[in-house]
There are 2 protein chains.
Amino acid sequence: MLSKKTKYGLKALTFIARTGSDVPVQVGEIAKSEQIPQKFLESILLTLRKSGILGSKKGKHGGYYLRKDPSEILMTEVMRVLEGPIAMVQCVSLNFYEKCDDCPDEHLCSVNKLMIQVRDSTLEVFKNTTLKDLSLR
Amino acid sequence: MLSKKTKYGLKALTFIARTGSDVPVQVGEIAKSEQIPQKFLESILLTLRKSGILGSKKGKHGGYYLRKDPSEILMTEVMRVLEGPIAMVQCVSLNFYEKCDDCPDEHLCSVNKLMIQVRDSTLEVFKNTTLKDLSLR
DNA sequence: GCAATTCCTACTAAATCGATAGGATTAATA
DNA sequence: TATTAATCCTATCGATTTAGTAGGAATTGC
């Protein structure tokens, strides 16, 4: 299941992209419009800023803005920041690989085999979807 | 992330399929070979039996066996039994649909749009993979 | 009757999730 | 320069889920 963090994060990014401007958008505005607990959203946007997807401006009239054009923000990047590994098992993860402690040989493992396929097909979707695609109504 | 339950369940099913016979396989044998805590595995195989994927024989020389040929056991079925919904959000699930409480209109929701694609591509993998495929080395 | 197996219920420790609380820091503006 | 409004940061917390464990009842083969 998708975490609320990721869900809220995607909605917030979409909201910002849909404004179509470079003027910073405030957390409160997004929280109200998307029905997201404001404090929770704050921490999510902070994560997105630290990862470089969002930029921020502090103080009065501050807020968050996209650091790239929506058409250049891939879902692979967003999902990895918000949700973590895209693969369903670590032994199949491209960016977060770790050997299974129980599995003696990955190449004989049926779970490994299946999850590679799932990873690749999911990756295909994320690689071909940008924030611009999400923001189109 | 895939739960251990699902991981162990898939490994156990593969193990049983690989025996290639109708003689019941004992939990202890699978647990030992696949390095799975026996009591935990017991409960998993019980779930698979209740769902109709496995059959069982009690008492001495008892154990678990497949109720269908491995080539007829689809991953869609196995995954739904072990892991639950295939979709990453309920509002996109075919078998476990539920409306999001926060989302006023699914058709305008960017998360919905993205997760439908992920669901379909994952489903495509599961629909085209059988236990037989997994059991081939 | 005994041994070996599945079946069933209940419990538990640890981790994760979904927040909330409280304030520090920064920037615009009057 | 004081005020206000925003982000930034750390810490905490209750609820839920996960990954088992414990103990024994029921069933079957010999």
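So you know, we letter chains A, B, ... as the sequences are listed, proteins then strands, and number each from 1. Small disclaimer: the values here were computed from a predicted structure and weren't measured. The basis for the numbers below is simple: all heavy atoms, side chains too, and nothing from hydrogens, waters or symmetry mates.
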Determine whether a donor-acceptor pair (N or O, by modelled atom type, separation under 3.5 Å) exists between the side chain of A/Ser121 and the backbone of A/Val118.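 Yes: the side chain of A/Ser121 pairs with the backbone of A/Val118.
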
List the residues meeting side chain to side chain contact (heavy atoms under 4.5 Å, CB included) with A/Glu29, not counting sequence neighbours, and say none if there are none.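 A/Phe15, A/Val25.
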
Quick one: list whatever passes side chain to side chain contact (heavy atoms under 4.5 Å, CB included) with A/Asp22, sequence neighbours left out.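 Residues passing side chain to side chain contact (heavy atoms under 4.5 Å, CB included) with A/Asp22: none at all.
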
Please collect all ring pair (Phe, Tyr, Trp, His ring centres under 6.0 Å) contacts where either partner lies in residues 70-92 of chain A, sequence neighbours excluded, each pair once.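 Sorted result for residues 70-92 of chain A: empty, none.
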
Using the test salt bridge (Lys or Arg N to Asp or Glu O under 4.0 Å), find all partners of B/Lys50 that sit at least two apart in sequence or belong to another chain.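 Partners of B/Lys50 under the salt bridge (Lys or Arg N to Asp or Glu O under 4.0 Å) test: none.
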
Would you say that A/Asn112 contacts A/Val89 through its side chain, given a criterion of any heavy-atom pair below 4.5 Å between the two side chains?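 They are not in side-chain contact.
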
Any side-chain heavy atom of A/Leu123 sitting closer than 4.5 Å to one from A/Leu94?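 They are in side-chain contact.
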
Please list, by residue number, the residues of residues 14-32 of chain A whose heavy atoms come closer than 4.0 Å to an atom of DNA chain D; answer none if no residue qualifies.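 When residues 14-32 of chain A is checked for heavy atoms under 4.0 Å from DNA chain D, the hits, listed by number, are A/Gln26, A/Val27.
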
Detail all sub-3.5 Å separations between protein N/O atoms and N/O atoms belonging to nucleotides 17-21 of chain D.
{"from": "D/dA19", "atom 1": "OP2", "to": "B/Lys4", "atom 2": "N", "distance (Å)": "3.2"}
{"from": "D/dG20", "atom 1": "OP2", "to": "B/Tyr8", "atom 2": "OH", "distance (Å)": "3.1"}

Protein-nucleotide distance (A/His61, atom NE2; D/dA6, atom P), rounded to Å: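 Rounded to whole Å, this separation is 7 Å.
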
Which atom pair, heavy atoms only, marks the closest approach of A/Cys103 to A/Cys109?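 Looking at all heavy atoms of both residues, the shortest contact is SG-CB, 3.4 Å.
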
A/Ala31 versus A/Leu41, closest heavy-atom pair with distance: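 Heavy atoms of A/Ala31 and A/Leu41 come nearest at N-CD2, 3.7 Å.
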
Any residue in residues 44-56 of chain B with a heavy atom nearer than 4.0 angstrom to DNA chain C? Just list them by number, or reply none.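 Going residue by residue through residues 44-56 of chain B, the ones with a heavy atom under 4.0 Å of DNA chain C turn out to be B/Leu46, B/Arg49, B/Lys50, B/Ser56.
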
Which residues in residues 83-95 of chain A have a heavy atom closer than 4.0 Å to any atom of DNA chain C?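 Those residues: none at all.
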
For residues 1-11 of chain B, tabulate all N or O donor-acceptor pairs below 3.5 Å that involve a side-chain atom, not counting sequence neighbours.
{"from": "B/Ser3", "atom 1": "OG", "to": "B/Thr6", "atom 2": "N", "distance (Å)": "3.2"}
{"from": "B/Ser3", "atom 1": "OG", "to": "B/Thr6", "atom 2": "OG1", "distance (Å)": "3.1"}
{"from": "B/Ser3", "atom 1": "OG", "to": "B/Glu83", "atom 2": "OE1", "distance (Å)": "2.9"}
{"from": "B/Thr6", "atom 1": "OG1", "to": "B/Glu83", "atom 2": "OE1", "distance (Å)": "2.2"}
{"from": "B/Lys7", "atom 1": "NZ", "to": "A/Asp102", "atom 2": "OD1", "distance (Å)": "3.3"}
{"from": "B/Lys11", "atom 1": "NZ", "to": "A/Asp102", "atom 2": "OD2", "distance (Å)": "3.4"}

By the 4.0 Å heavy-atom rule, please label A/Lys58 as base, sugar-phosphate, or nothing.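 It contacts sugar-phosphate atoms only.
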
Atom pairs and distances, donor-acceptor, side-chain atoms in residues 64-79 of chain A, under 3.5 Å, two or more places apart:
{"from": "A/Lys68", "atom 1": "NZ", "to": "A/Glu77", "atom 2": "OE1", "distance (Å)": "3.3"}
{"from": "A/Asp69", "atom 1": "OD2", "to": "A/Ser71", "atom 2": "N", "distance (Å)": "3.1"}
{"from": "A/Asp69", "atom 1": "OD2", "to": "A/Ser71", "atom 2": "OG", "distance (Å)": "2.7"}

Donor-acceptor contacts under 3.5 Å from residues 124-137 of chain B side chains, at least two apart:
{"from": "B/Glu124", "atom 1": "OE2", "to": "B/Asn128", "atom 2": "ND2", "distance (Å)": "3.3"}
{"from": "B/Asn128", "atom 1": "ND2", "to": "B/Glu124", "atom 2": "O", "distance (Å)": "2.7"}
{"from": "B/Thr129", "atom 1": "OG1", "to": "B/Val125", "atom 2": "O", "distance (Å)": "2.8"}
{"from": "B/Thr130", "atom 1": "OG1", "to": "B/Lys132", "atom 2": "N", "distance (Å)": "3.2"}
{"from": "B/Thr130", "atom 1": "OG1", "to": "B/Asp133", "atom 2": "N", "distance (Å)": "3.4"}
{"from": "B/Thr130", "atom 1": "OG1", "to": "B/Asp133", "atom 2": "OD2", "distance (Å)": "3.3"}
{"from": "B/Asp133", "atom 1": "OD2", "to": "B/Thr130", "atom 2": "N", "distance (Å)": "2.8"}
{"from": "B/Ser135", "atom 1": "OG", "to": "B/Leu131", "atom 2": "O", "distance (Å)": "3.4"}
{"from": "B/Ser135", "atom 1": "OG", "to": "B/Lys132", "atom 2": "O", "distance (Å)": "2.9"}

Are A/Tyr64 and D/dC8 close enough that a side-chain N or O sits under 4.0 Å from OP1 or OP2?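 Yes, within the criterion.
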
Nucleotide interval of DNA chain C bounded by contacts with chain B (heavy-atom cut-off, under 4.0 Å):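 Both ends considered, the range comes out as C/dA4 to C/dC8.
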
